[in-house]
Amino acid sequence: RAKAEGRNVYRFFEPGMDAAFIARNQLEADLQVAARERGFALAYQPIVSLETGRVGGFEALMRWPHPTRGMVSPAEFIPLAEETGLIVQMGDWALREACAEAAAWPSDLRLAVNVSAVQFERAGLERSVVEALESSGLAPSRLELEITESVLMQDAVGVVSALMRLRALGVRIALDDFGTGYSSLSYLRRFPFNKIKIDRSFITEIEDPEVAEIVRAIVGLGQRSGASITAEGVETARQLEAVRALGCTEVQGFHFSGPLAPAAARDFIATDLALPRPRRIGRA
Ligand code: C2E
Ligand code: MG
Ligand code: MG
Ligand code: MG
C-alpha cells in the first residue's frame, strides 16, 4: 500500500519535474547558440566617486536578450554558463566588448568587469585580458576585474599568483559582494585588493546601527590595507548619506542609476549628479 502511495506521489510530481528538466535543457541549448553567435549585450552601471562627486567609472553587466523569453536575468544564466563552461567564451567576449566601449570614455573613467571562478580554473584568462587591452588600447590601470570569494576558495596558490600577475600588468582587482561569504575576512589577508565592494544586503539595512558598525569596520580594514570601499545597491538618499558618513569612497546603485545601454552610459557621464559638496581630500 505504501508502495502504491509512493507511486502516486511520484506520478503526481513527475510531469512538473520533467517540465523543469526540459526547460533547463532548452535554456542550455539556447545559451550555447547565444555564446556561439555572441547574442549577448552589456549594460553599464555608473559608479560614483564621493571624493570627486562625479562618475568614476562603470561596471559592465551582461544581458541576454533571449529570442522568445525576453531579457533573461544574469542570476539565471550566469550559473548555467558556469556549470557548462560557456562562461569562458562569454567572459572573453565581455572583456573585449567592454574594453572597446570604455576606450571611448574620458580617460579618467574606469571600467569594471566581472570575472567568474571558472575563468580562473581554465588557462588563458591572462591572455584574454592582455588581448582585450591591446585590441582596445585601453590603459591597464583603467580596467578593474571584480572577483568573488569563490575565486579564492579554489586552489589558493595558483589563483593568488594569477591575480598577482594581473596586478603586475597594472590591472586592478576588486573583491565583489564582500560580506556574503563564510569567511570574507580571511580572504582579505590572501591578496592585496585594490577595492572592496560591500554587498547590497548591508546597504539595505544600513539604518540598523549594528549593520552600520559592521560597515564602519569594513571601511577601517580597507583603509589599513589601502583598498578603496564601494557601497553596492545604494537606492535612497538616506543610504547615500549613511555610507558617506561611514567613509565609503564610492557608491553604486539605483539612487544614481541602474545599468544603462552603452549610449545612455555615455550620456550619463555629463549628467549633473547634484551631490552635496564633495568632501575635501587632504589639505586645501
Ligand atoms: P554584481 O557583480 O554584484 O552586480 C551588481 C548587481 O546588482 C547587478 O545585477 C545590478 O544590476 C544590481 N544592482 C545595482 N544597483 C542596485 C540597486 O540599487 N538595487 C538593486 N536591487 N540591485 C542593484 P545584475 O546585472 O542582475 O547582475 C547580477 C550578477 O550577475 C552580478 O552581480 C554578477 O555576479 C553576475 N554578472 C553579471 N554580468 C556578469 C559577467 O559579465 N560575468 C560574470 N562572471 N558575472 C556577471
Ligand atoms: Mg560585480
Ligand atoms: Mg556585487
Ligand atoms: Mg552581487
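Since the model is a prediction, treat every value here as computed from it, not as a measurement. Worth knowing before you read on, the calculation uses all heavy atoms, side chains too, and leaves out hydrogens, waters and symmetry mates. Heads up: numbering here begins at 1 and tracks the sequence. Just so you know, ligand 1 is whichever comes first in the structure, and atom 1 is the first atom listed for that ligand.
Looking only at N/O/S atoms, E59 comes nearest to the Mg ion (ligand 2) through OE2. Closest N/O/S atom of E232 to the Mg ion (ligand 3): OE2. Among the heteroatoms counted here (N, O or S) of D177, OD1 is the one nearest to the Mg ion (ligand 3).
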For this session: Show your reasoning for whether side chain to side chain contact (heavy atoms under 4.5 Å, CB included) applies to F178 and F193.
Result: CA-CA 12 Å; F178 185 81; F193 290 96; over 6 Å; no
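Counting the atoms of ligand 1 from 1 in the order shown, those under 4.0 Å from a heavy atom of D177 are 3 (O). The contact set between ligand 1 and G253, taken as ligand atoms under 4.0 Å from a residue heavy atom, comprises 15 (N), 18 (O). Of all atoms in ligand 1, listed by their number and element, those nearer than 4.0 Å to a heavy atom of P259 are 11 (O). Residue E235 has at least one heavy-atom neighbour below 4.0 Å for each of these atoms of ligand 1: 17 (C), 18 (O), 19 (N), 20 (C), 21 (N).
One N or O on the side chain of Q45 and one on the backbone of S257 form a donor-acceptor pair closer than 3.5 Å. Checked by atom type and distance alone, the side chain of T249 pairs as donor or acceptor with a backbone atom of I229 at under 3.5 Å. Judged by distance alone, with hydrogens and angles left aside, the side-chain atoms of T271 form no donor-acceptor pair with the main-chain N or O of L273 at under 3.5 Å. Listed for the Q223 side chain is no donor-acceptor partner under 3.5 Å among the backbone atoms of G220.
Nearest to atom 22 (N) of ligand 1 by heavy atom, out of F254, W93, F77, is F254. For atom 44 (N) of ligand 1, the nearest non-hydrogen atom from the set P79, S116, G91 comes from S116. If you check each of G258, A94, P46, P74 against atom 28 (C) of ligand 1, the one with the closest non-hydrogen atom is P74.
Note: F40 and W93 have tilted aromatic rings, judged against thresholds of 30 and 60 degrees for the angle between ring planes. Between W64 and F77, the ring-plane angle classifies as perpendicular under the 30° and 60° cut-offs.
The minimum heavy-atom distance linking C99 with L133 is given by the pair SG-CD2, 4.5 Å.
Using a non-hydrogen distance threshold of 4.0 Å, A75 does not register as a contact of ligand 1. Distances shorter than 4.0 angstrom do not occur between any heavy atom of E82 and any atom of ligand 1. Ligand 1 is approached by Q45 to a heavy-atom distance shorter than 4.0 Å. Ligand 1 lies less than 4.0 angstrom from a heavy atom belonging to R63. The shortest heavy-atom distance from H255 to ligand 1 is not under 4.0 Å.
Contact annotation for L42 and ligand 1: no heavy atom of the residue comes within less than 4.0 Å of the ligand. Proximity of D176 to ligand 1, defined as any heavy-atom pair under 4.0 Å, is confined to the side chain (atoms from C-beta onward). If you look at E232 next to ligand 1, the close heavy atoms, those under 4.0 Å, all belong to the side chain. With a heavy-atom cut-off of 4.0 Å, I78 touches ligand 1 through its side chain alone.
The only member of E59, E101, R266 that meets side-chain contact (heavy atoms from CB on, under 4.5 Å) when paired with Y44 is E101. Of the residues L260, L42, N114, the one that meets the side-chain contact (heavy atoms from CB on, under 4.5 Å) test with L61 is N114.
Centred on the Mg ion (ligand 2), the OD2 atom of D176 and the OD1 atom of N114 lie at an angle of 90°, reported to 10°.
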Check residues 139-146 and write down every donor-acceptor pair under 3.5 Å in which the side-chain atom is one partner and the other belongs to a residue at least two apart or another chain.
unit_1, atom_1, unit_2, atom_2, d
R142, NE, S107, O, 3.4
R142, NE, L109, O, 2.9
R142, NH2, A102, O, 3.1
R142, NH2, P106, O, 3.1
R142, NH2, L109, O, 3.2
E144, OE1, K195, NZ, 2.9
E144, OE2, R172, NE, 3.0
E144, OE2, R172, NH2, 3.1
E146, OE1, K197, NZ, 3.4
E146, OE2, K197, NZ, 2.6

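Residues V88 and V118 have side chains in contact (heavy-atom distance under 4.5 Å, counting atoms from C-beta outward).
Contacts classified as side chain to side chain donor-acceptor pair (under 3.5 Å) and involving residues 19-29 (residues at least two apart or in different chains) are given here: R24-E28, R24-E83, Q26-D30.
Distance check for E146 against the Mg ion (ligand 2): an N/O/S atom falls below 2.8 Å.
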